[in-house]
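Letters A, B, ... are given to chains in the order of the sequence lines, protein chains preceding strands, and every chain is numbered from 1.
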2 protein chains.
Amino acid sequence: MKELYNCDVGCPIQNTLQVISGKWKSVILYHLFEFDVLRFSELQAKLPYVTKRMLARQLAELEEDNIINKKIYATIPVKTEYSISKFGKTLQPVIKSMEIWGTDYNDVYTSK
Amino acid sequence: MKELYNCDVGCPIQNTLQVISGKWKSVILYHLFEFDVLRFSELQAKLPYVTKRMLARQLAELEEDNIINKKIYATIPVKTEYSISKFGKTLQPVIKSMEIWGTDYNDVYTSK
DNA sequence: CTGGATCCTTGGCGATACTG
DNA sequence: CAGTATCGCCAAGGATCCAG
């Protein structure tokens with residue numbers, strides 16, 4: 001069950017949070033925007049501090065929300081590929097603005 | 001202690017998350033961007049589902065990060081005012097893009 | 001290789017009471 | 001009014017094992 005933001009004051013931010021607030025979702029999306037298609041193991045490599053379990057959960061939620069597409073190759077061993085869905089691409093401005101800010105003010109936290 | 005996103009792969013998104021990932025921070029910022037100045041009790045009224053304790057913590061963290069300014073009037077009873085700092089205003093594109101997406105895709109989650 | 005199921009620990013967070 | 005302090009619960013999340 002994913003966390004719910006029950007906002008009764010009609011704050012539009014809440015809708016966005018529903019989708020990207022997961023602890024690692026925006027980072028996952030960032031990488032997927034950059035590389036278009038990534039396998040599970042590749043994502044794991046990019047987020048080494050995130051456990052497999054959490055990564056799988058976050059991916060599952062993103063897929064539930066139709067933000068990403070999951071493609072399973074029934075080879076042996078199995079292979080999966082994740083990519084941003086058409087709907088997911090609408091989030092690009094959000095992720096991009098976060099990326100820009102994070103780049104501009106990189107020093108703020110690395111210097112701490 | 002605030003949660004730490006220890007990303008060693010140099011993902012700029014992480015910097016942004018450090019600042020706005022708190023459970024209610026982006027919503028707080030959204031309201032502060034809209035109203036410029038808000039008292040503690042006014043923020044409470046806008047986020048009725050957030051406990052006073054959590055609101056105070058989120059505000060304290062935002063102040064620590066120099067995102068918001070806190071002004072205390074030593075009257076009786078005490079009165080405080082919160083506003084976005086100069087540095088905090090650099091986050092406007094991020095909050096704004098979240099607001100836009102949330103508005104555009106409002107129906108996605110309200111219809112569920 | 002890509003997960004799911006299970007167990008177990010931790011700390012996030014609510015409830016309540018207290019203070020200047 | 002605007003918080004802080006203390007207690008306690010429960011769910012988020014880690015570790016490990018299992019499976020197709």
Does a nitrogen or oxygen in the side chain of [X] sit under 4.0 Å from OP1 or OP2 of [N]?
| X | N | value |
| --- | --- | --- |
| A/Arg39 | C/dT2 | yes |
| A/Thr51 | D/dG14 | yes |
| B/Lys52 | C/dG14 | no |

Can you tell me how far [atom2] of [N] sits from [atom1] of [X], to the nearest Å?
| X | N | atom1 | atom2 | value |
| --- | --- | --- | --- | --- |
| B/Leu43 | D/dC1 | CG | C1' | 14 Å |
| A/Met54 | C/dG3 | CE | P | 15 Å |
| A/Ile72 | C/dG4 | CD1 | C1' | 13 Å |
| B/Glu61 | D/dG3 | CD | C1' | 16 Å |
| B/Tyr73 | D/dC1 | OH | C1' | 14 Å |
| A/Gln58 | D/dG13 | CD | C1' | 11 Å |
| A/Gln44 | D/dG14 | CD | P | 13 Å |
| A/Ile68 | C/dT2 | CD1 | P | 14 Å |

Is the closest side-chain heavy-atom distance between [X] and [Y] below 4.5 Å?
| X | Y | result |
| --- | --- | --- |
| B/Met54 | B/Lys23 | no |
| A/Leu62 | A/Lys25 | yes |
| B/Ile84 | B/Phe33 | yes |

Touch class at under 4.0 angstrom, heavy-atom based, for B/Arg53 against every strand present: base
Pair B/Tyr30 and B/Trp24, ring centroids less than 6.0 Å apart: no
Options C/dC1, D/dT4, C/dG3, nucleotide nearest the side-chain atoms of A/Lys70: C/dG3
Candidate nucleotides D/dA2, C/dC13, D/dT4, ranked by approach to the side chain of B/Ser41 - the nearest: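 Among the listed nucleotides, the one closest to the side chain of B/Ser41 is D/dA2.
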Neighbours of DNA chain C within residues 74-83 of chain B, by heavy-atom distance under 4.0 Å: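 Nucleic-acid contacts, sorted: B/Val78.
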Check ion pair B/Glu99-B/Lys96 (N to O, under 4.0 angstrom):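 Salt bridge flag = yes for B/Lys96 with B/Glu99.
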A/Lys70/A/Glu81 ion pair, N-O < 4.0 Å: no
Distance-minimising heavy-atom pair for B/Pro12 and A/Thr103: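 Nearest heavy atoms, B/Pro12 then A/Thr103: CB-OG1, 3.5 Å.
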